[in-house]
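Working notes, structure below.
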2 protein chains.
Amino acid sequence: MPNNQFKKGELYSFITGKASTAIARRLQKNFKQANVDITIEQWSVLYHLWKQDGMSQQQLCDATFRDKPSITRLVDNLEKLKLVKRVASKNDRRINMIYLTKEAQQLQEQTMEIANQTLNEALQGVTNGQIEIAKEVLQNVYENLK
Amino acid sequence: MPNNQFKKGELYSFITGKASTAIARRLQKNFKQANVDITIEQWSVLYHLWKQDGMSQQQLCDATFRDKPSITRLVDNLEKLKLVKRVASKNDRRINMIYLTKEAQQLQEQTMEIANQTLNEALQGVTNGQIEIAKEVLQNVYENLK
DNA sequence: TTTGAATAGTTGCTTAAACAACTATATGCC
DNA sequence: GGCATATAGTTGTTTAAGCAACTATTCAAA
(Lines give C-alpha, C1' and ligand atoms only; values in the text may rest on other atoms or scores of the structure.)
Protein backbone atom coordinates (compact mmCIF):
# COMPACT_ATOMS: atom_id res chain seq x y z
CA MET A 1 0.00 0.00 0.00
CA PRO A 2 1.31 3.47 -0.80
CA ASN A 3 2.42 5.18 2.37
CA ASN A 4 1.32 8.65 1.44
CA GLN A 5 -2.08 8.14 0.02
CA PHE A 6 -3.18 11.61 1.23
CA LYS A 7 -1.68 15.03 1.35
CA LYS A 8 -0.75 15.98 4.87
CA GLY A 9 -2.71 19.20 4.73
CA GLU A 10 -5.88 17.22 4.31
CA LEU A 11 -5.49 15.20 7.45
CA TYR A 12 -6.93 17.53 9.90
CA SER A 13 -10.63 17.59 9.18
CA PHE A 14 -10.77 13.82 9.23
CA ILE A 15 -9.01 13.48 12.51
CA THR A 16 -10.76 16.17 14.46
CA GLY A 17 -14.30 15.49 13.35
CA LYS A 18 -15.35 19.13 13.29
CA ALA A 19 -18.55 18.24 11.45
CA SER A 20 -19.81 15.80 14.05
CA THR A 21 -18.82 18.22 16.80
CA ALA A 22 -20.84 20.91 15.07
CA ILE A 23 -23.88 18.65 14.73
CA ALA A 24 -23.63 17.66 18.38
CA ARG A 25 -23.44 21.27 19.50
CA ARG A 26 -26.37 22.28 17.35
CA LEU A 27 -28.46 19.41 18.64
CA GLN A 28 -27.64 20.39 22.21
CA LYS A 29 -28.62 23.97 21.44
CA ASN A 30 -31.88 22.86 19.86
CA PHE A 31 -32.69 20.70 22.89
CA LYS A 32 -32.07 23.66 25.15
CA GLN A 33 -34.31 25.93 23.08
CA ALA A 34 -37.08 23.37 23.38
CA ASN A 35 -36.51 23.18 27.16
CA VAL A 36 -35.32 19.59 26.92
CA ASP A 37 -32.80 19.42 29.73
CA ILE A 38 -30.65 16.46 28.80
CA THR A 39 -27.18 16.21 27.31
CA ILE A 40 -26.62 14.70 23.89
CA GLU A 41 -24.68 11.89 25.53
CA GLN A 42 -27.67 11.09 27.74
CA TRP A 43 -29.90 11.32 24.67
CA SER A 44 -27.71 8.85 22.80
CA VAL A 45 -28.29 6.28 25.55
CA LEU A 46 -32.04 6.90 25.54
CA TYR A 47 -31.99 6.58 21.73
CA HIS A 48 -30.92 2.94 22.01
CA LEU A 49 -33.36 2.21 24.81
CA TRP A 50 -36.19 3.59 22.67
CA LYS A 51 -35.21 1.08 20.02
CA GLN A 52 -35.05 -1.70 22.61
CA ASP A 53 -36.03 -1.14 26.21
CA GLY A 54 -34.27 -3.24 28.82
CA MET A 55 -30.65 -3.47 27.73
CA SER A 56 -27.73 -4.36 29.98
CA GLN A 57 -25.05 -1.77 30.58
CA GLN A 58 -22.66 -3.87 28.52
CA GLN A 59 -25.08 -3.83 25.59
CA LEU A 60 -25.28 -0.06 25.92
CA CYS A 61 -21.48 0.07 25.83
CA ASP A 62 -21.45 -1.79 22.52
CA ALA A 63 -24.34 0.19 21.07
CA THR A 64 -22.99 3.62 21.97
CA PHE A 65 -19.29 2.84 21.44
CA ARG A 66 -18.42 3.80 25.00
CA ASP A 67 -16.46 2.02 27.70
CA LYS A 68 -18.01 0.63 30.87
CA PRO A 69 -17.16 3.46 33.24
CA SER A 70 -18.69 5.95 30.82
CA ILE A 71 -21.95 4.00 30.73
CA THR A 72 -21.94 3.53 34.50
CA ARG A 73 -21.85 7.28 34.96
CA LEU A 74 -24.29 8.12 32.19
CA VAL A 75 -26.75 5.66 33.74
CA ASP A 76 -26.03 7.23 37.16
CA ASN A 77 -26.99 10.62 35.81
CA LEU A 78 -30.02 9.33 33.90
CA GLU A 79 -31.19 7.66 37.11
CA LYS A 80 -30.82 10.94 39.01
CA LEU A 81 -32.98 12.56 36.34
CA LYS A 82 -35.49 9.71 36.79
CA LEU A 83 -35.29 8.79 33.12
CA VAL A 84 -34.08 5.20 33.60
CA LYS A 85 -34.04 2.54 36.29
CA ARG A 86 -31.44 -0.13 37.00
CA VAL A 87 -33.01 -3.55 37.62
CA ALA A 88 -30.75 -6.41 38.71
CA SER A 89 -31.15 -9.42 36.45
CA LYS A 90 -32.49 -12.51 38.21
CA ASN A 91 -30.70 -14.95 35.90
CA ASP A 92 -27.29 -13.33 36.26
CA ARG A 93 -26.75 -11.13 39.22
CA ARG A 94 -23.77 -9.39 37.61
CA ILE A 95 -26.08 -7.74 35.12
CA ASN A 96 -28.08 -4.52 35.47
CA MET A 97 -30.93 -4.25 33.03
CA ILE A 98 -31.74 -0.63 32.21
CA TYR A 99 -35.36 0.35 31.71
CA LEU A 100 -36.94 3.60 30.60
CA THR A 101 -39.31 5.44 32.92
CA LYS A 102 -42.57 6.89 31.67
CA GLU A 103 -40.95 10.32 31.62
CA ALA A 104 -38.25 9.05 29.27
CA GLN A 105 -40.80 7.35 27.04
CA GLN A 106 -42.55 10.68 26.67
CA LEU A 107 -39.34 12.35 25.52
CA GLN A 108 -38.93 10.13 22.48
CA GLU A 109 -41.23 11.77 19.98
CA GLN A 110 -40.21 15.35 20.73
CA THR A 111 -36.47 14.74 20.77
CA MET A 112 -36.47 12.59 17.65
CA GLU A 113 -38.24 15.41 15.87
CA ILE A 114 -35.58 17.86 17.08
CA ALA A 115 -32.84 15.48 15.95
CA ASN A 116 -34.46 15.23 12.52
CA GLN A 117 -34.67 18.99 12.21
CA THR A 118 -31.06 19.33 13.30
CA LEU A 119 -29.93 16.89 10.63
CA ASN A 120 -31.93 18.78 8.03
CA GLU A 121 -30.15 21.99 9.04
CA ALA A 122 -26.80 20.21 8.88
CA LEU A 123 -27.33 18.59 5.50
CA GLN A 124 -28.78 21.50 3.56
CA GLY A 125 -27.42 21.48 0.05
CA VAL A 126 -26.09 17.94 0.29
CA THR A 127 -27.60 15.36 -2.06
CA ASN A 128 -28.85 11.97 -0.95
CA GLY A 129 -26.23 10.33 -3.12
CA GLN A 130 -23.44 12.22 -1.40
CA ILE A 131 -24.90 11.35 1.99
CA GLU A 132 -24.93 7.67 1.10
CA ILE A 133 -21.27 7.73 0.11
CA ALA A 134 -20.28 9.70 3.21
CA LYS A 135 -22.08 7.18 5.39
CA GLU A 136 -20.30 4.31 3.65
CA VAL A 137 -16.93 5.93 4.22
CA LEU A 138 -17.63 6.62 7.88
CA GLN A 139 -18.91 3.08 8.37
CA ASN A 140 -15.84 1.70 6.65
CA VAL A 141 -13.53 3.75 8.88
CA TYR A 142 -15.37 2.54 11.93
CA GLU A 143 -15.10 -1.11 10.82
CA ASN A 144 -11.39 -0.71 10.08
CA LEU A 145 -10.62 0.58 13.55
CA LYS A 146 -13.07 -0.95 15.99
CA MET B 1 -37.41 21.32 1.43
CA PRO B 2 -39.01 18.02 2.42
CA ASN B 3 -39.08 17.64 6.16
CA ASN B 4 -38.21 13.99 6.29
CA GLN B 5 -35.37 13.71 3.88
CA PHE B 6 -33.83 10.86 5.94
CA LYS B 7 -35.13 7.75 7.61
CA LYS B 8 -34.98 8.07 11.36
CA GLY B 9 -32.99 4.88 11.77
CA GLU B 10 -30.16 6.44 9.82
CA LEU B 11 -29.70 9.42 12.09
CA TYR B 12 -27.50 7.95 14.66
CA SER B 13 -24.17 7.47 12.95
CA PHE B 14 -24.21 11.04 11.72
CA ILE B 15 -24.95 12.54 15.06
CA THR B 16 -22.59 10.56 17.21
CA GLY B 17 -19.55 10.63 14.98
CA LYS B 18 -18.38 7.15 15.87
CA ALA B 19 -15.88 7.19 13.01
CA SER B 20 -14.05 10.29 14.18
CA THR B 21 -14.11 8.97 17.75
CA ALA B 22 -12.53 5.77 16.50
CA ILE B 23 -9.83 7.65 14.59
CA ALA B 24 -9.08 9.80 17.62
CA ARG B 25 -8.76 6.78 19.88
CA ARG B 26 -6.51 4.98 17.45
CA LEU B 27 -4.28 8.02 17.06
CA GLN B 28 -4.00 8.34 20.83
CA LYS B 29 -3.10 4.66 21.07
CA ASN B 30 -0.49 5.01 18.34
CA PHE B 31 1.04 8.02 20.10
CA LYS B 32 1.24 6.02 23.29
CA GLN B 33 2.91 3.08 21.58
CA ALA B 34 5.53 5.47 20.20
CA ASN B 35 6.03 6.94 23.68
CA VAL B 36 4.64 10.30 22.61
CA ASP B 37 3.02 11.54 25.80
CA ILE B 38 0.55 14.13 24.58
CA THR B 39 -3.20 14.02 24.12
CA ILE B 40 -4.77 14.31 20.69
CA GLU B 41 -6.32 17.59 21.78
CA GLN B 42 -2.89 18.96 22.64
CA TRP B 43 -1.59 17.60 19.34
CA SER B 44 -4.36 19.39 17.44
CA VAL B 45 -3.17 22.70 18.88
CA LEU B 46 0.46 21.94 18.02
CA TYR B 47 -0.67 20.97 14.51
CA HIS B 48 -1.82 24.52 13.81
CA LEU B 49 1.28 26.04 15.41
CA TRP B 50 3.46 23.90 13.15
CA LYS B 51 1.63 25.40 10.18
CA GLN B 52 2.06 28.89 11.61
CA ASP B 53 4.03 29.55 14.78
CA GLY B 54 2.98 32.51 16.88
CA MET B 55 -0.80 32.52 16.86
CA SER B 56 -3.02 34.23 19.40
CA GLN B 57 -5.30 32.12 21.57
CA GLN B 58 -8.27 33.50 19.68
CA GLN B 59 -6.76 32.36 16.38
CA LEU B 60 -6.27 28.93 17.91
CA CYS B 61 -9.95 28.95 18.94
CA ASP B 62 -11.00 29.55 15.35
CA ALA B 63 -8.52 27.09 13.90
CA THR B 64 -9.39 24.23 16.26
CA PHE B 65 -13.12 24.97 16.55
CA ARG B 66 -12.89 25.29 20.33
CA ASP B 67 -14.11 27.97 22.72
CA LYS B 68 -11.83 30.30 24.65
CA PRO B 69 -11.83 28.48 27.97
CA SER B 70 -10.88 25.24 26.21
CA ILE B 71 -7.90 26.89 24.55
CA THR B 72 -6.88 28.62 27.78
CA ARG B 73 -6.65 25.26 29.48
CA LEU B 74 -5.02 23.42 26.58
CA VAL B 75 -2.36 26.14 26.46
CA ASP B 76 -2.01 25.86 30.25
CA ASN B 77 -1.28 22.17 29.91
CA LEU B 78 1.01 22.60 26.91
CA GLU B 79 2.96 25.19 28.90
CA LYS B 80 3.30 22.78 31.82
CA LEU B 81 4.71 20.23 29.37
CA LYS B 82 7.09 22.95 28.09
CA LEU B 83 5.81 22.58 24.54
CA VAL B 84 4.58 26.18 24.09
CA LYS B 85 5.17 29.60 25.61
CA ARG B 86 2.73 32.47 26.09
CA VAL B 87 4.20 35.83 25.04
CA ALA B 88 2.20 39.00 25.69
CA SER B 89 1.76 41.05 22.52
CA LYS B 90 3.34 44.49 22.64
CA ASN B 91 0.86 46.06 20.24
CA ASP B 92 -2.23 44.83 22.05
CA ARG B 93 -1.81 43.82 25.62
CA ARG B 94 -4.99 41.78 25.64
CA ILE B 95 -3.38 39.25 23.34
CA ASN B 96 -1.18 36.27 24.17
CA MET B 97 0.89 35.03 21.29
CA ILE B 98 1.65 31.32 21.55
CA TYR B 99 5.04 30.05 20.39
CA LEU B 100 6.39 26.53 20.06
CA THR B 101 9.42 25.49 22.08
CA LYS B 102 12.26 23.53 20.53
CA GLU B 103 10.88 20.38 22.11
CA ALA B 104 7.56 20.89 20.33
CA GLN B 105 9.28 21.61 17.03
CA GLN B 106 11.03 18.27 17.32
CA LEU B 107 7.72 16.47 17.77
CA GLN B 108 6.36 17.55 14.40
CA GLU B 109 7.93 15.03 12.05
CA GLN B 110 7.35 11.98 14.23
CA THR B 111 3.76 12.75 15.14
CA MET B 112 2.77 13.72 11.60
CA GLU B 113 4.09 10.37 10.45
CA ILE B 114 2.01 8.62 13.11
CA ALA B 115 -1.05 10.61 12.07
CA ASN B 116 -0.50 9.62 8.45
CA GLN B 117 -0.19 5.97 9.37
CA THR B 118 -3.32 6.18 11.48
CA LEU B 119 -5.28 7.64 8.59
CA ASN B 120 -4.02 4.90 6.32
CA GLU B 121 -5.27 2.31 8.81
CA ALA B 122 -8.61 4.09 9.02
CA LEU B 123 -9.16 4.45 5.30
CA GLN B 124 -8.16 0.98 4.09
CA GLY B 125 -10.46 -0.10 1.32
CA VAL B 126 -11.85 3.38 0.74
CA THR B 127 -11.20 4.93 -2.66
CA ASN B 128 -9.85 8.44 -3.15
CA GLY B 129 -13.07 9.35 -4.92
CA GLN B 130 -15.16 8.29 -1.95
CA ILE B 131 -12.85 10.18 0.39
CA GLU B 132 -13.26 13.35 -1.66
CA ILE B 133 -17.04 13.14 -1.48
CA ALA B 134 -17.01 12.38 2.24
CA LYS B 135 -14.79 15.40 2.83
CA GLU B 136 -17.12 17.60 0.81
CA VAL B 137 -20.12 16.44 2.84
CA LEU B 138 -18.36 16.99 6.15
CA GLN B 139 -17.16 20.41 5.03
CA ASN B 140 -20.68 21.30 3.91
CA VAL B 141 -22.15 20.22 7.24
CA TYR B 142 -19.57 22.29 9.06
CA GLU B 143 -20.35 25.37 6.92
CA ASN B 144 -24.08 24.93 7.44
CA LEU B 145 -23.76 24.92 11.22
CA LYS B 146 -20.81 27.06 12.19
C1' DT C 1 -12.03 62.88 26.68
C1' DT C 2 -14.85 60.03 28.69
C1' DT C 3 -18.06 56.57 28.47
C1' DG C 4 -20.08 52.40 26.44
C1' DA C 5 -19.28 48.50 23.60
C1' DA C 6 -16.32 45.07 21.73
C1' DT C 7 -12.46 41.94 22.14
C1' DA C 8 -8.98 38.72 24.53
C1' DG C 9 -8.35 35.93 27.97
C1' DT C 10 -9.35 33.57 32.77
C1' DT C 11 -11.97 31.16 36.41
C1' DG C 12 -15.73 28.29 38.34
C1' DC C 13 -18.85 24.71 37.68
C1' DT C 14 -20.95 20.49 35.64
C1' DT C 15 -20.70 16.70 32.45
C1' DA C 16 -18.19 13.39 30.08
C1' DA C 17 -14.13 10.37 28.23
C1' DA C 18 -10.22 7.31 28.84
C1' DC C 19 -7.52 4.38 31.51
C1' DA C 20 -6.25 1.56 35.52
C1' DA C 21 -7.50 -0.84 39.43
C1' DC C 22 -10.96 -2.77 41.85
C1' DT C 23 -15.37 -5.98 43.53
C1' DA C 24 -18.76 -9.38 42.63
C1' DT C 25 -20.69 -13.03 40.12
C1' DA C 26 -20.57 -16.74 36.78
C1' DT C 27 -18.32 -20.39 34.08
C1' DG C 28 -15.33 -24.12 32.89
C1' DC C 29 -12.19 -27.52 33.96
C1' DC C 30 -9.71 -30.79 36.99
C1' DG D 1 -16.37 -29.20 45.06
C1' DG D 2 -12.61 -25.99 44.28
C1' DC D 3 -9.80 -23.08 41.65
C1' DA D 4 -8.59 -20.29 37.55
C1' DT D 5 -10.54 -17.36 34.34
C1' DA D 6 -13.88 -14.54 32.18
C1' DT D 7 -17.57 -11.22 32.50
C1' DA D 8 -20.40 -7.14 34.48
C1' DG D 9 -20.15 -3.32 36.75
C1' DT D 10 -17.92 0.46 39.97
C1' DT D 11 -14.53 3.85 41.67
C1' DG D 12 -10.49 7.00 41.34
C1' DT D 13 -7.83 10.06 38.66
C1' DT D 14 -6.62 13.07 34.78
C1' DT D 15 -7.96 15.60 30.71
C1' DA D 16 -11.19 18.09 28.19
C1' DA D 17 -15.80 20.47 26.63
C1' DG D 18 -19.38 23.80 27.22
C1' DC D 19 -21.51 27.50 29.48
C1' DA D 20 -21.78 31.61 32.46
C1' DA D 21 -19.56 35.14 34.80
C1' DC D 22 -15.67 37.67 35.32
C1' DT D 23 -11.20 41.06 34.42
C1' DA D 24 -8.36 43.75 31.45
C1' DT D 25 -7.56 46.21 27.41
C1' DT D 26 -8.86 48.53 23.18
C1' DC D 27 -11.92 51.02 20.18
C1' DA D 28 -15.44 54.19 18.81
C1' DA D 29 -18.65 57.68 19.18
C1' DA D 30 -20.66 61.64 21.45
Side-chain angles (χ1 to χ4, degrees), chain A residues 16-18 20-33 37-46 55-81 83-84 86-98 145, chain B residues 16-18 20-33 37-46 55-81 83-84 86-98 145:
Chain A
T16 54
K18 282 203 278 194
S20 59
T21 306
I23 292 180
R25 280 186 202 166
R26 179 62 61 90
L27 181 60
Q28 185 72 74
K29 186 180 157 190
N30 289 347
F31 279 167
K32 194 172 184 180
Q33 272 187 342
D37 273 333
I38 58 174
T39 67
I40 48 170
E41 293 84 2
Q42 291 164 1
W43 180 82
S44 78
V45 172
L46 296 179
M55 296 174 78
S56 72
Q57 294 189 198
Q58 183 57 53
Q59 288 175 314
L60 286 172
C61 291
D62 299 336
T64 65
F65 196 49
R66 288 183 171 87
D67 69 357
K68 285 192 279 197
S70 296
I71 289 296
T72 292
R73 278 145 181 159
L74 282 172
V75 171
D76 286 348
N77 286 336
L78 285 167
E79 256 191 334
K80 280 182 205 157
L81 294 169
L83 294 173
V84 305
R86 282 182 169 94
V87 178
S89 165
K90 287 185 179 177
N91 302 338
D92 185 337
R93 295 195 314 187
R94 293 172 302 182
I95 295 176
N96 290 335
M97 299 298 282
I98 311 300
L145 298 181
Chain B
T16 52
K18 283 204 278 193
S20 58
T21 305
I23 292 179
R25 281 186 202 167
R26 179 61 62 91
L27 181 60
Q28 185 71 74
K29 185 179 158 189
N30 290 347
F31 279 166
K32 194 172 185 182
Q33 271 187 340
D37 273 334
I38 57 175
T39 67
I40 48 172
E41 292 85 1
Q42 291 165 359
W43 179 82
S44 79
V45 172
L46 297 178
M55 297 174 76
S56 72
Q57 294 188 198
Q58 182 58 54
Q59 287 174 314
L60 286 172
C61 290
D62 298 336
T64 65
F65 195 51
R66 289 185 170 87
D67 69 357
K68 285 193 278 197
S70 296
I71 289 296
T72 293
R73 280 147 181 158
L74 282 173
V75 172
D76 285 348
N77 287 336
L78 285 166
E79 256 191 335
K80 280 182 205 157
L81 294 169
L83 294 173
V84 304
R86 281 182 169 94
V87 178
S89 165
K90 287 184 178 175
N91 302 338
D92 184 338
R93 295 194 314 187
R94 293 171 301 183
I95 294 177
N96 291 334
M97 299 298 281
I98 311 300
L145 298 182

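Throughout, protein chains are lettered first and strands after them, A, B, ... in sequence-line order, and every chain is numbered starting at 1.
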I'd like to check the salt bridge (charged side-chain N to carboxylate O under 4.0 Å, His left out) partners of [X]; sequence neighbours left out, ordered by chain and number.
{"X": "A/Asp67", "result": "none"}
{"X": "B/Asp62", "result": "none"}
{"X": "B/Arg73", "result": "none"}
{"X": "A/Arg25", "result": "none"}

Rounded to whole Å, please give me the gap between [atom1] in [X] and [atom2] in [N].
{"X": "A/Arg94", "N": "C/dA26", "atom1": "CZ", "atom2": "P", "answer": "6 Å"}
{"X": "A/Met55", "N": "D/dG9", "atom1": "CE", "atom2": "C1'", "answer": "16 Å"}
{"X": "B/Asp67", "N": "C/dT11", "atom1": "CG", "atom2": "P", "answer": "15 Å"}
{"X": "A/Asn91", "N": "C/dA26", "atom1": "CG", "atom2": "C1'", "answer": "12 Å"}
{"X": "A/Leu83", "N": "C/dT15", "atom1": "CG", "atom2": "P", "answer": "13 Å"}
{"X": "A/Asp92", "N": "C/dG28", "atom1": "CG", "atom2": "P", "answer": "12 Å"}
{"X": "A/Ile23", "N": "D/dA17", "atom1": "CD1", "atom2": "C1'", "answer": "18 Å"}
{"X": "B/Gln58", "N": "D/dA24", "atom1": "CD", "atom2": "C1'", "answer": "15 Å"}

Indicate, with a heavy-atom threshold strictly under 4.0 Å, whether B/Lys32 touches base, sugar-phosphate, or nothing. sugar-phosphate
Answer whether the closest heavy-atom distance between the side chains of A/Asn77 and A/Leu83 falls below 4.5 Å. no
Footprint string (nucleotides 10-16 of chain D, 5' to 3'): B base within contact, S backbone only, - free, heavy atoms under 4.0 Å: BBBB-SS
Can you tell me if A/Arg25 touches the phosphate of D/dG18, counting only side-chain N or O atoms and a distance under 4.0 Å to OP1 or OP2? yes
Starting at the 5' end of DNA chain C and moving along, which residue's nearest nucleotide shows up first, B/Gln28 or B/Ile95? B/Ile95
Please name all residues satisfying side-chain hydrogen bond (donor to acceptor under 3.5 Å, both in side chains) with A/Asn96, sequence neighbours left out, ordered by chain then number. A/Gln57
Check whether A/Gln28 reaches the backbone of A/Ile23 with its side chain - one donor and one acceptor, N or O, closer than 3.5 Å. no
